[in-house]
2 protein chains.
Amino acid sequence: MASNKRTPTIKDIARIANVSTATVSRILNGQPGYGDATRERVEAAIAQQGYTRNAVARGLVQKRTHTIGVLLPSVTSQFASELLGGIETEAHSHQYSAIVCNTDRNGERTAEYLNVLAEKQVDGIVFTSEFLTDEYEHLAERLNVPIVLVSTMSERYQIPYVRVDDQKAAFAAVSYLVERGHRRIGMVAGTENDPIAGKLRVNGYREALDTSGIDFRQDYISYGDFHFALGKQAAVNLLDRAPEITAIFAASDEMAVGVISAAWERGLGIPEDLSVIGYDDTAMAMMATPPLTAVHQPIATMGRLAVRMLIEGRNEGVVLPFSITERSSVGNRA
Amino acid sequence: MASNKRTPTIKDIARIANVSTATVSRILNGQPGYGDATRERVEAAIAQQGYTRNAVARGLVQKRTHTIGVLLPSVTSQFASELLGGIETEAHSHQYSAIVCNTDRNGERTAEYLNVLAEKQVDGIVFTSEFLTDEYEHLAERLNVPIVLVSTMSERYQIPYVRVDDQKAAFAAVSYLVERGHRRIGMVAGTENDPIAGKLRVNGYREALDTSGIDFRQDYISYGDFHFALGKQAAVNLLDRAPEITAIFAASDEMAVGVISAAWERGLGIPEDLSVIGYDDTAMAMMATPPLTAVHQPIATMGRLAVRMLIEGRNEGVVLPFSITERSSVGNRA
DNA sequence: TTGTATGCGTTATCAT
DNA sequence: ATGATAACGCATACAA
């Protein structure tokens with residue numbers, strides 16, 4: 001049913017207002033060079049014709065599309081959507097649009113998207129992934145489009161990023177548990193071969209144990225993939241083989257909720273029988289029962305900062321501060 | 001640091017391969033009309049130059065951008081992100097990209113976005129909102145871009161939509177409670193003046209009560225805005241003024257989790273002391289403690305269908321079936 | 001099978 | 001203050 005009345009162009013406006021397209025363009029863009037009278041004529045024509053500028057034509061000549069691409073491992077996770085929220089907000093405030101791409105943690109899709117975004121001439125790309133493989137990094141270099149990494153970083157290339165210090169944050173989380181009297185502390189970790197969010201958080205866990213003179217035990221750590229299902233499964237396994245544990249550090253909120261769920265199923269009260277601390281402090285931490293104590297990452301801020309860096313052409317690595325949001329999932333051990 | 005080596009164009013390739021740009025274009029688009037030899041020469045040049053097509057130039061001539069716009073009231077809600085997931089997946093499978101727009105339930109922003117999307121020449125728009133005001137609807141008509149509404153509909157215009165029957169679904173949810181012996185059933189409703197998701201679900205609630213010969217009581221219904229904070233507050237109010245209630249129907253999962261949270265704070269066990277049924281069946285229903293029984297909407301499917309309708313130019317209203325996903329938040333009342 | 005030429009809607013340069 | 005006109009990178013109708 002799409003009506004096929006041709007959309008009026010700048011030419012139509014020019015003809016109707018009896019001026020050149022150049023003048024219309026100037027008026028449209030608030031540039032100097034015309035009298036009040038002509039401006040009014042042109043504006044009248046624009047209003048009367050219901051003229052809408054064509055951003056693709058403009059993009060062609062200006063070589064800028066005012067559009068950025070966003071690569072996410074999965075749009076549906078709470079972390080990703082809060083990040084996207086920050087990105088979109090900042091983009092919009094600078095008159096940019098954001099194209100979302102769900103890589104699904106799939107290398108092929110990621111490569112496809114990188115190409116599509118390049119073809120669409122986006123002005124920049126925000127890349128979040130559980131981790132960057134050499135392949136993408138290489139492609140990213142080749143594409144000649146500015147990129148900012150969020151919550152990850154490249155080990156090989158100099159690509160700007162914004163993240164928090166995962167190891168330090170994990171260290172703080174586990175220390176928080178220790179300070180409350182816990183000694184038998186388990187960990188539900190993220191993806192095992194993720195060099196950043198995976199490895200570093202485990203490192204922080206070990207380091208905190210070390211510093212407190214607690215022996216690290218391999219069987220006190222169970223791996224998931226940052227998400228609920230596997231996190232819960234990891235918790236089940238962990239609780240099975242080490243029921244003496246009094247607290248668990250989960251490498252993501254989703255997995256923390258997974259351990260709450262696993263604990264609930266076996267009748268363990270939180271925090272009476274088991275304490276749990278999450279990581280991210282997404283909205284779901286607040287909504288959990290009981291409300292989840294968690295390491296707070298400024299997720300939306302990270303997204304906003306990333307697009308600001310893109311737009312301003314800043315080429316740096318920035319690490320943002322974290323904190324711990326206290327709620328009701330961690331108890332004291334006398 | 002952006003290297004300023006000019007991106008090779010179709011002309012460069014043509015020159016290098018000693019053919020015309022027309023031939024390069026044909027090869028690039030898999031059209032007939034060239035010999036193997038020339039194709040190989042051209043392909044070699046393309047590979048060697050690292051040529052990337054320019055989608056904006058192509059968009060200009062073809063008047064199609066292979067891009068759709070998505071208007072969401074808030075990217076961060078679980079409902080929205082699952083919907084976006086479906087939309088993005090389907091779009092990508094048809095070689096389309098999706099631009100996300102966070103309207104923030106703000107009329108001005110919505111209007112802005114509608115304009116931006118029109119300027120960017122998107123091939124279609126998926127619109128979700130808590131409800132459509134006349135203003136947007138009018139603008140939407142004027143813009144001359146195909147639109148599909150998700151989970152809402154227009155009362156005034158003939159705009160294609162995909163949704164489920166809110167009233168019937170709410171009816172089913174409340175009937176489910178009644179069947180399990182509940183008679184004093186409260187409701188935590190959504191936005192009061194939302195004519196679709198708000199009003200219709202309340203209607204279904206009342207209708208189910210009616211059918212079961214249970215008197216409707218105005219004080220058994222408390223309004224939120226579909227989200228956690230207000231949902232929880234509504235539950236607190238409801239529980240304060242009607243502690244005799246044995247079950248609550250929440251108009252969204254988020255609000256259902258809010259009532260779980262409110263119940264937890266006052267030591268009410270779920271489902272022993274209070275049953276609750278949610279609406280949407282987003283991922284958070286599964287993650288709740290206890291796992292939430294909820295009306296299931298095929299959210300991702302709705303998103304996928306919406307973009308398919310856009311792409312295929314279908315101009316209809318479709319209502320999808322719902323179901324009830326049983327988990328552990330509803331108990332029997334003897 | 002291949003090339004020429006024109007146009008898509010704008011911006012921008014150079015005149016006037 | 002205003003107008004011609006040449007790009008921008010590509011697709012396509014028409015020739016050859």
Side-chain angles (χ1 to χ4, degrees), chain A residues 4-43 45-46 49-67 116 118-123 144, chain B residues 4-43 45-46 49-67 115-116 118-123 144-145:
Chain A
N4 49 1
K5 62 168 180 292
R6 209 175 52 78
T7 308
T9 74
I10 207 176
K11 276 183 194 161
D12 300 315
I13 303 301
R15 186 172 32 74
I16 293 173
N18 246 303
V19 295
S20 72
T21 60
T23 297
V24 177
S25 176
R26 290 192 194 86
I27 292 176
L28 242 19
N29 296 299
Q31 288 166 353
Y34 47 78
D36 277 357
T38 52
R39 181 176 48 86
E40 278 166 25
R41 272 200 338 275
V42 169
E43 282 173 349
I46 286 176
Q49 292 291 309
Y51 168 77
T52 303
R53 320 142 104 105
N54 185 322
V56 357
R58 178 172 2 180
L60 183 58
V61 16
Q62 291 186 157
K63 294 170 182 308
R64 303 200 324 161
T65 53
H66 274 260
T67 303
V116 170
E119 292 189 2
K120 296 218 168 161
Q121 312 295 118
V122 296
D123 297 338
N144 201 27
Chain B
N4 48 2
K5 62 167 179 293
R6 209 175 52 78
T7 308
T9 74
I10 207 177
K11 273 185 196 158
D12 300 315
I13 303 301
R15 186 170 32 72
I16 293 173
N18 247 304
V19 295
S20 71
T21 61
T23 297
V24 177
S25 176
R26 286 192 274 258
I27 292 175
L28 242 19
N29 297 299
Q31 289 167 351
Y34 46 78
D36 277 358
T38 53
R39 182 176 47 89
E40 277 166 26
R41 274 202 336 275
V42 169
E43 282 173 348
I46 286 175
Q49 292 291 307
Y51 168 77
T52 303
R53 321 141 103 103
N54 186 323
V56 359
R58 181 177 355 186
L60 183 57
V61 14
Q62 292 186 157
K63 294 169 181 306
R64 303 199 327 161
T65 52
H66 274 260
T67 304
N115 272 312
V116 171
E119 292 189 3
K120 295 217 169 162
Q121 313 294 120
V122 297
D123 298 337
N144 200 28
V145 176

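Below, chains carry the letters A, B, ... as their sequence lines are ordered, and counting in each starts from 1. Note that the coordinates shown come from a computational prediction; the quantities given were computed from them, not determined experimentally.
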Taking protein heavy atoms under 4.0 Å as touching, what does nucleotides 10-16 of chain D look like 5' to 3' if B marks base contact, S marks sugar-phosphate-only contact and - marks none? BBB----
Once you apply a heavy-atom cut-off of 4.0 Å, does [X] come out as touching a base, just sugar-phosphate, or nothing?
X	value
A/Val19	sugar-phosphate
B/Gly35	sugar-phosphate
A/Asp36	nothing
A/Asn18	sugar-phosphate

Among B/Ile13, B/Ile16, B/Asn18, exactly one meets side chain to side chain contact (heavy atoms under 4.5 Å, CB included) together with B/Arg41. Which residue is that?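 Single side chain to side chain contact (heavy atoms under 4.5 Å, CB included) partner of B/Arg41 among B/Ile13, B/Ile16, B/Asn18: B/Asn18.
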Taking atom P of D/dA7 as reference, at what distance in whole Å does atom NZ of A/Lys63 sit?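 Taking NZ of A/Lys63 and P of D/dA7, I get 13 Å after rounding.
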Rounded distance (Å) that lies between atom P of D/dG9 and atom CD of A/Gln121: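 That distance rounds to 9 Å.
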Earliest and latest nucleotide of DNA chain C, 5' to 3', sitting under 4.0 Å from a non-hydrogen atom of chain B?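 Counting from the 5' end, contacts occupy C/dT1 to C/dG9.
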How close do [X] and [Y] get, heavy atom to heavy atom, and via which atoms?
X	Y	answer
B/Asp123	B/Arg64	OD1-CA, 3.5 Å
A/Ala14	A/Ser20	CB-C, 3.8 Å
A/Thr9	A/Tyr51	C-CE1, 3.6 Å
A/Ile27	A/Arg39	CD1-CA, 3.7 Å

Are the side chain of A/Arg53 and the backbone of A/Leu28 linked by a donor-acceptor contact shorter than 3.5 Å?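 Such a contact is found between A/Arg53 side chain and A/Leu28 backbone.
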Any side-chain donor near an acceptor of the partner, A/Thr67 and A/Lys120, under 3.5 Å: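 There is no such pair (donor and acceptor under 3.5 Å, judged by atom type) between the side chains of A/Thr67 and A/Lys120.
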I would like to know whether A/Ser25 and A/Thr21 meet side-chain contact (heavy atoms from CB on, under 4.5 Å); could you show each step before the answer? CA-CA 6 Å; A/Ser25 176; A/Thr21 60; over 6 Å; no
